[in-house]
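Computed from a prediction, not measured in an experiment: that's the story for all the values here. For the numbers below, each heavy atom of this structure counts, side chains included, while hydrogens, waters and symmetry mates do not.
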Amino acid sequence: MVPPPTRPLPSRRRTLLQLGLAAVAVIVTVVVGTSFAASRLAEREAVTDAAHTTNLLALAVVQPALEDALLTGDAAAYAAFDRVVRARVLPNGIVRVKLWTPDGTVVYADESRLVGQRFQLGDEQRETLARPTTRAEVSALDRSENEFERYGGKLLEVYRPVWTPSGSELLFEVYGDYEPVSARAFDLWRGLAGVLTSSLLLLLVLLAPLIWRLLDRLGAAQAQRESLLRSAVDASAGERRRIAADLHDGPVQDLVASSLVVSGAAEAARADGRPALSANISEAASTVRASIASLRSLLVDLYPSRLADAGLAAAVSDLARPLAGRGIHVDVAVDDDEAARLGEAAQQVAHRVVREGLRNVVRHADARHVTIRLGRAGVEDGVLSWEQDVDEDVDDVFDPDHDSDPGDHDPARPVVLVLHDDGVGFDPAAVLPGPEGHFGIRVLADVATDVGAVLRVRSAPGRGTTWLLALPVEEDR
């Protein structure tokens, strides 16, 4: 008996590779995140700087250069103001300058085609005039007044009120270049990303030896756990072996002797002319023999290695013998040569399937006849009516591309165990998927899969139940 498999620890190379991939993913996330954050931060700083610059230009340059004649369209006043704007405003990263009256008329613009046009002021612009303040934002350039600014992408838009010498209020609006925002965002991103990436790399370098040491400890802990588990399994196997030996050398032998004594007593009673007593004693002898068969099956369960000593045919016969006392005839045909081709694990699975199938016959099937066959896949025709379907199932599972006759004697063909009863049967579609009632079948299917075998159960109401177990053979047998 071997301990159950444990999940192996990942290799150091794999762990470090996963750590490296995780670090790369984190670094990429950091780079993307810092790029977004730097862009937002640079944009906010640029908007703030643009507002301060515009305030300074408005107070120091624009408002001192305003004349009331500019409101009436005087050409000299317009030309004088235009010279000031081009000499002292536009060189400060400004790409457009406009002066608006409160009714939305453009009285000055460095783009002369806008002068004299009237546009609807936005809510923010009107509020700026009503409550003097400076507003700055990234302009979407989607208003009709921006016809001549839609050529280079986004712009920084700033506006605030200014006043002529007579006190007339105008809206001073400038559009600044957005390119400095991109340059500032790149500088910020380079600084943030560099600091964060170097910090992450340093953390990775510090963590690598710790993880390496942790893997060493985990490996040692797993080795210790597997050793303890192996010791526990060996101790359990030894205890089961001892119990099986005690049962075999004690109660089983005593019952065998008792069976012989009781059988002799039955013959003696029959010879003395007491048939009733002889029948009762014979029934007791049958009960003792049934108990012996049950104990032998229990010995196989306790210590499966005894299955190889007793043989699969004998073990199956022991399982079938108690059913005779219930009025169920069991026909057992086990090909010893084919059984010898099976490994120990496959024989144990076959024994468990027969035991579970016979238990279901006793508990549920209400059957009168059971047939158990174990032999090579592709048995001769005429033994059972459903063997052709058995062959097709075996070929589908073990050789999907088979072209040969199912009855051929390919040494690699599996050994098939078939258990069939003539009981009431059931509807597999309605019963097998249920969470209860057939847990044993699901467990057996998993056990069969573990040794490379395939278990199928066929049934229909009124047509009995068939168990099909296709077992792989050992190559060296």
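- With sequence neighbours excluded, the residues satisfying ring pair (Phe, Tyr, Trp, His ring centres under 6.0 Å) with His329 are His369.
- In this structure the side chain of Ile372 reaches within 4.5 angstrom of the side chain of Val330, judged on heavy atoms.
- Residues satisfying the side-chain contact (heavy atoms from CB on, under 4.5 Å) test with Asp450, not counting sequence neighbours, are none.
- Applying the salt bridge (Lys or Arg N to Asp or Glu O under 4.0 Å) rule to Asp331 yields the partners Arg373; only residues at least two apart in sequence or on another chain are considered.
- For Arg126, the CZ atom counts as densely surrounded, since its 6.0 Å shell holds more than 12 non-hydrogen atoms of other residues, nucleotides or ligands.
- The side-chain hydrogen bond (donor to acceptor under 3.5 Å, both in side chains) check on Arg135 picks up Glu127, Thr128, with sequence neighbours excluded.
- With sequence neighbours left out, the side-chain contact (heavy atoms from CB on, under 4.5 Å) criterion links Leu214 to Leu218.
- No side-chain heavy atom of Val316 sits less than 4.5 Å from a side-chain heavy atom of Leu374.
- Looking at residues two or more places apart in sequence or on another chain, you find no side-chain hydrogen bond (donor to acceptor under 3.5 Å, both in side chains) involving Thr48.
- With sequence neighbours excluded, the residues forming a side-chain hydrogen bond (donor to acceptor under 3.5 Å, both in side chains) with Ser459 are Thr465, listed by chain and number.
- Leu468 CG to Leu455 CG: the interatomic distance, rounded to the nearest 0.5 Å, is 7.5 Å.
- Shown here for Gln347 and Leu312, the closest heavy-atom pair between the two residues is O-CD1, 3.9 Å.
- Leu319 and Arg355 make their closest contact through CD1-N, 3.8 Å (heavy atoms, listed as atom of the first residue, atom of the second, distance).
- No side-chain heavy atom of Gln348 sits less than 4.5 Å from a side-chain heavy atom of Arg352.
- Residues Leu469 and Ala448 share a closest heavy-atom pair of CD1-CB, 4.0 Å.
- Ile281 contributes atom CD1, which lies 10.5 Å from atom CD of Glu267 (distance to the nearest 0.5 angstrom).
- Considering every non-hydrogen atom in both Ala350 and Leu417, the closest pair reads O-CD2, 3.7 Å.
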From CA spacing to verdict: side-chain contact (heavy atoms from CB on, under 4.5 Å), Leu358, Val370: CA-CA 9 Å; Leu358 292 179; Val370 178; 4.1 Å; yes
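- Between His364 and Phe426, every side-chain heavy-atom pair lies at or beyond the 4.5 Å cut-off.
- With sequence neighbours left out, the side-chain hydrogen bond (donor to acceptor under 3.5 Å, both in side chains) criterion links Glu124 to no other residue.
- In this structure, Glu137 has no salt bridge (Lys or Arg N to Asp or Glu O under 4.0 Å) partners at least two apart in sequence or on a different chain.
- Residues Leu156 and Ala50 come closest through the heavy atom pair CD1-CB, 4.3 Å.
- Every residue was checked against the salt bridge (Lys or Arg N to Asp or Glu O under 4.0 Å) condition with Asp337, not counting sequence neighbours, and none meets it.
- Residues passing the side-chain contact (heavy atoms from CB on, under 4.5 Å) test with Ala367, sequence neighbours excluded: Val361, Ala365, Asp421, Asp422.
- For Ala346 against Leu471, the heavy-atom pair with the smallest separation is O-CD2, 3.8 Å.
- Scored by the side-chain contact (heavy atoms from CB on, under 4.5 Å) test, Thr53 finds Leu57 as partners (sequence neighbours excluded).
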